[in-house]
Amino acid sequence: MKVGKLMDFIWFIIDFIIHIDQHLLQIINQFGSWTYLILFAIIFVETGLVIFPFLPGDSLLFVASALAALDHSILTIGLLFVIFLAAAVIGDTVNYELGKKIGLSVTEHRVFGKFLDKEKVATAEVFFDKHGGKTIIIARFMPFIRTFAPFIAGASNMHYGQFIRYNFFGGFLWVSICCIAGYFFGNIPFIKEHFSLIVLAVIFISILPMIIAFIRSKLTKNTTKAS
């Protein structure tokens, strides 16, 4: 992919996330009930394919649930919950199986390695080593780490029985919190008027644990070097 086209794609993703309410309304108007399938596909790909960690997750759940609260909306919160939970659990399961079959050596692959941020994969690996299976739950609320964690779990040969329990529980918590927040708070006048800022705040809060972990690792390295 040429640099120009890659930058256009990146800006499209950024614009989609920031103005996700407008884009989702366009999708609903154009595709009607097929919107459920599109939403399922986006969450499935974001959680299930390790090379697509930049797709919207938290913000998409929040906005879709907010739109479901509108009068005459074709979206219903109950069906959205089922669709998102299924996509999240199945996506993580596929990612786990990919990690089990391919392993972390994929980061060195001449083709697929270009699509993976090795630093973020390494960060997710350290996070997994520190928190173990609980990472699958915690990572649900951390963009990028959310996509890499099940892959690393599979590559680390984590027992599937243990993984699926963390997978379902983490997915249930993630979908529940995002959907409830969107449904009950997404249509408050202040939030409607400052929707782009709210979405950015959601993204920032989601990546805050990752930023703190990064700063701590840098401080630890500097302290080690100094001593």
Exercise. So do Thr47 and Val94 actually touch side chain to side chain, heavy atoms under 4.5 Å?
Worked result: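 When only atoms from C-beta onward are counted, Thr47 and Val94 do not touch, as no gap falls below 4.5 Å.
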
Exercise. Can you find a pair of side-chain heavy atoms, one from Leu61 and one from Trp174, that are under 4.5 Å apart?
Worked result: yes

Please report the closest heavy-atom contact between [X] and [Y], naming both atoms and the distance.
{"X": "Ala88", "Y": "Ile43", "answer": "N-CG2, 4.1 Å"}
{"X": "Ser73", "Y": "Leu67", "answer": "OG-O, 3.0 Å"}
{"X": "Ile74", "Y": "Ser33", "answer": "CD1-N, 3.8 Å"}
{"X": "Phe84", "Y": "Leu60", "answer": "CZ-O, 4.4 Å"}
{"X": "Ser65", "Y": "Cys179", "answer": "OG-CA, 3.2 Å"}
{"X": "Tyr36", "Y": "Leu79", "answer": "CZ-CD2, 3.5 Å"}

Exercise. Yes or no on ring pair (Phe, Tyr, Trp, His ring centres under 6.0 Å) for Tyr183 and Phe81, after CA distance, side-chain angles and deciding distance?
Worked result: CA-CA 11 Å; Tyr183 189 78; Phe81 180 86; over 10 Å; no

For this session: Scan side-chain atoms only and decide if Thr147 and Asn95 contain a donor-acceptor pair under the 3.5 Å cut-off.
Result: no

Hey, what do you get for [atom1] ([X]) to [atom2] ([Y]), rounding to the nearest 0.5 Å?
{"X": "Ile27", "Y": "Ile38", "atom1": "CD1", "atom2": "CD1", "result": "5.5 Å"}
{"X": "Leu70", "Y": "Leu75", "atom1": "CG", "atom2": "CG", "result": "9.0 Å"}
{"X": "Gln162", "Y": "Ile136", "atom1": "CD", "atom2": "CD1", "result": "9.0 Å"}
{"X": "Gln26", "Y": "Thr35", "atom1": "CD", "atom2": "OG1", "result": "11.5 Å"}

Problem set entry | Criterion side chain to side chain contact (heavy atoms under 4.5 Å, CB included) on Leu37 and Phe31, from CA distance to verdict | CA-CA 10 Å; Leu37 183 59; Phe31 296 100; over 6 Å; no

For this session: Before giving the answer on side chain to side chain contact (heavy atoms under 4.5 Å, CB included), spell out for Arg140 and Asn167 the whole-Å C-alpha distance, their side-chain angles and the decisive distance to 0.1 Å.
Result: CA-CA 9 Å; Arg140 283 291 186 184; Asn167 179 13; 2.7 Å; yes

Exercise. Salt bridge (charged side-chain N to carboxylate O under 4.0 Å, His left out) between Arg146 and Asp92: does it pass, once the steps are laid out?
Worked result: CA-CA 9 Å; Arg146 173 168 57 240; Asp92 261 28; over 6 Å; no

Problem set entry | side chain to side chain contact (heavy atoms under 4.5 Å, CB included) between Phe185 and Ile180, intermediate numbers included | CA-CA 8 Å; Phe185 301 110; Ile180 290 172; 5.6 Å; no

Exercise. When you measure from the side chain of Thr93 to the backbone N and O of Val89, does any donor-acceptor pair fall under 3.5 Å?
Worked result: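 Such a contact is found between Thr93 side chain and Val89 backbone.
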
Exercise. Can the ring centres of Phe151 and Tyr96 be said to be less than 6.0 Å apart?
Worked result: no

For this session: Can you label the angle between the Phe172 ring and the Phe168 ring as parallel, tilted or perpendicular, going by 30° and 60°?
Result: parallel

Exercise. If Ile, Leu, Val, Met, Phe, Trp and Tyr residues are connected whenever their side-chain heavy atoms lie under 4.5 Å apart, and connections chain through other members, are Ile77 and Val82 in the same group?
Worked result: no

